[in-house]
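Chain letters run A, B, ... following the sequence lines, proteins first, then strands; residues in each count from 1.
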Protein chains: 2
Amino acid sequence: MAVRKPRLGRDDWTAAALTAIGEQGLAGVAVEPLAARLGTTKGSFYWHFANRDALLAAALSSWDETYTDAILRTVDAEADPTARLRALFVAVTASERAPVEVHLHAAADHPAVAPAMRRAVARRTAYITAQLTALGFDQAEAERRALFAYATYLGHIQLVVRIPEAVPQGPALEAYLGTVLAAVLGNSKTAANSSQAGTGSSSGMAAGRSANSESSNSSALSP
Amino acid sequence: MAVRKPRLGRDDWTAAALTAIGEQGLAGVAVEPLAARLGTTKGSFYWHFANRDALLAAALSSWDETYTDAILRTVDAEADPTARLRALFVAVTASERAPVEVHLHAAADHPAVAPAMRRAVARRTAYITAQLTALGFDQAEAERRALFAYATYLGHIQLVVRIPEAVPQGPALEAYLGTVLAAVLGNSKTAANSSQAGTGSSSGMAAGRSANSESSNSSALSP
DNA sequence: GTCTCTCCATACGGTTCCGTATGGAGGAGG
DNA sequence: CCTCCTCCATACGGAACCGTATGGAGAGAC
């Protein structure tokens with residue numbers, strides 16, 4: 001049981017930084033504390049990285065790969081758009097993801113984080129939008145619902161991380177998420193027109209309806 | 001145009017702290033920078049407050065009053081539950097609110113912020129839940145939809161603050177918010193049962209339908 | 001006018017972090 | 001064995017804050 005000196009590499013620092021983001025947010029990406037946690041000193045760090053921003057950039061790149069690329073790749077292997085969206089919902093509400101996502105979104109005003117976050121949000125919503133258009137929604141409605149879904153996702157993980165007691169557990173959580181997914185996929189029937197009945201897709205849910213193409217339903221806000 | 005020395009009071013510091021939270025988050029609540037901005041020095045601050053945490057507590061108290069109490073009071077003056085929820089939606093998506101809300105939610109891991117935030121979320125969701133039960137939803141469904149609404153609210157203001165270009169503007173935004181409100185109020189028809197009519201409120205929208213009382217619709221997640 | 005009480009300015013020490021400088025350990029190649 | 005090259009430890013200076021100590025400046029009481 002010797003106290004091996006593992007000789008850290010760039011990747012070790014990057015992984016530690018991502019972990020720290022999940023635990024303490026951007027403030028956790030601090031050279032000296034990370035060095036202490038890795039059992040080394042700043043001397044090591046400044047050998048592998050020019051400065052703190054370089055570490056941050058590496059961590060963000062790693063985040064982009066594992067929190068967007070990998071997820072979308074996996075999910076995209078599903079058979080049809082509905083299955084893909086469902087798989088996306090399930091994958092994305094896995095609790096290990098939440099802390100890093102929440103902390104990074106919370107730091108989206110940081111100059112290094114902002115562009116990465118913009119890119120990630122754009123890619124994610126674009127993917128959802130694509131699935132929805134494939135289901136028959138017109139572009140505007142698909143974008144609306146994709147944004148709706150993403151906002152709900154954001155709020156949800158934020159509640160899970162910050163106010164966990166506000167979020168149901170176990171089967172109640174699944175029921176809740178089912179309701180949410182149904183709201184995104186289903187016919188929300190916001191205005192008076194478009195009252196065609198629902199074409200249930202094979203897997204039981206209402207999906208695939210070209211909804212009313214905007215204009216109409218601001219009536220919900222202005223009586 | 002003499003350089004009047006306005007002789008600051010406790011409230012000036014508190015207001016400045018809340019403003020700083022809106023601009024820079026909790027980190028903006030720093031004694032020396034605030035003093036500089038107020039044109040004074042730390043000597044003033046430590047006369048009015050014991051320490052930084054005391055200022056934070058005062059700012060959080062002020063936030064509670066103007067960002068929850070006042071809003072709920074105003075909104076509750078509306079005639080019926082539907083109108084109250086609609087007014088709440090409108091009031092709460094007013095853009096001046098968003099930055100403070102987002103930054104405070106992002107700091108909900110701070111020991112001073114956590115209890116205030118827990119309390120605020122509990123009160124807000126409880127209010128929404130009460131309106132929904134008044135519309136005929138049973139308790140479980142009302143809670144589910146209230147949480148759904150709150151999560152969407154959270155995600156929305158976060159996007160508005162962090163990635164504003166992802167959120168539509170003007171009429172498209174109203175259409176979007178109309179869709180969201182309709183999704184919360186409307187019958188999302190996730191399962192097959194439950195078709196009793198609701199106590200329709202006067203103001204026009206489809207609302208007040210007692211939906212299915214859970215158990216059923218986790219089918220949306222597990223095909 | 002002088003006293004006193006409220007409020008603020010200045011100066012100091014302490015903490016935590018960033019970044020630099022410099023001097024080794026320790027193994028791979030010769 | 002010696003050398004070089006990679007990697008790390010230690011020591012230092014600087015910035016940004018927090019909190020304390022202490023000495024006034026100003027305005028009302030009398």
Distance, nearest 0.5 Å, that separates CD of A:Glu65 from CG of A:Leu60: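 Rounded to the nearest 0.5 Å, the CD-CG separation comes to 13.5 Å.
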So, using salt bridge (charged side-chain N to carboxylate O under 4.0 Å, His left out) as the criterion, who are the partners of [X] when residues are at least two apart?
X: B:Asp53; answer: none
X: B:Glu96; answer: none
X: B:Arg118; answer: A:Glu165

Positions of residues 48-56 of chain B (non-hydrogen atom under 4.0 Å from DNA chain D), listed by number: B:Asn51, B:Arg52
Stretch residues 9-21 of chain A: residues that reach within less than 4.0 Å of DNA chain D through a heavy atom: none
Nucleotides 3-6 of chain D: which of its N/O atoms have a protein N/O under 3.5 Å away?
none

SB check A:Arg124 A:Glu101 (cutoff 4.0 Å): yes
Matching residue for B:Phe49 among B:Trp47, B:Phe45, B:Tyr46 - test: side-chain contact (heavy atoms from CB on, under 4.5 Å): B:Phe45
Partners meeting ring pair (Phe, Tyr, Trp, His ring centres under 6.0 Å) with B:His105 (sequence neighbours left out): none
Atom pairs, N/O to N/O, protein against nucleotides 10-16 of chain C, distance under 3.5 Å?
none

Flag side-chain contact, heavy atom, 4.5 Å: A:Leu147 against A:Thr129: no
Minimum side-chain heavy-atom gap A:Leu132-A:Glu141 below 4.5 Å: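 Of all side-chain heavy-atom pairs linking A:Glu141 with A:Leu132, none is under 4.5 Å.
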Spacing between B:Leu34 atom CG and D:dG19 atom C1', to the nearest angstrom: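 About 16 Å, once rounded to whole Å.
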Rounded distance in Å - CG (A:Leu26) to P (C:dC17): 15 Å
Residues in side chain to side chain donor-acceptor pair (under 3.5 Å) contact with [X], at least two apart in sequence or another chain:
X: A:Gln131; answer: A:Arg84
X: B:Asp76; answer: B:Tyr127
X: B:Thr14; answer: none

Summary of salt bridge (Lys or Arg N to Asp or Glu O under 4.0 Å) pairs that have at least one residue in residues 30-39 of chain A, sequence neighbours excluded: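 Passing the test, one end in residues 30-39 of chain A: A:Glu23-A:Arg37, A:Glu32-A:Lys42.
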Presence of A:Ser44 side-chain N/O under 4.0 Å of D:dA9 phosphate oxygens OP1/OP2: no
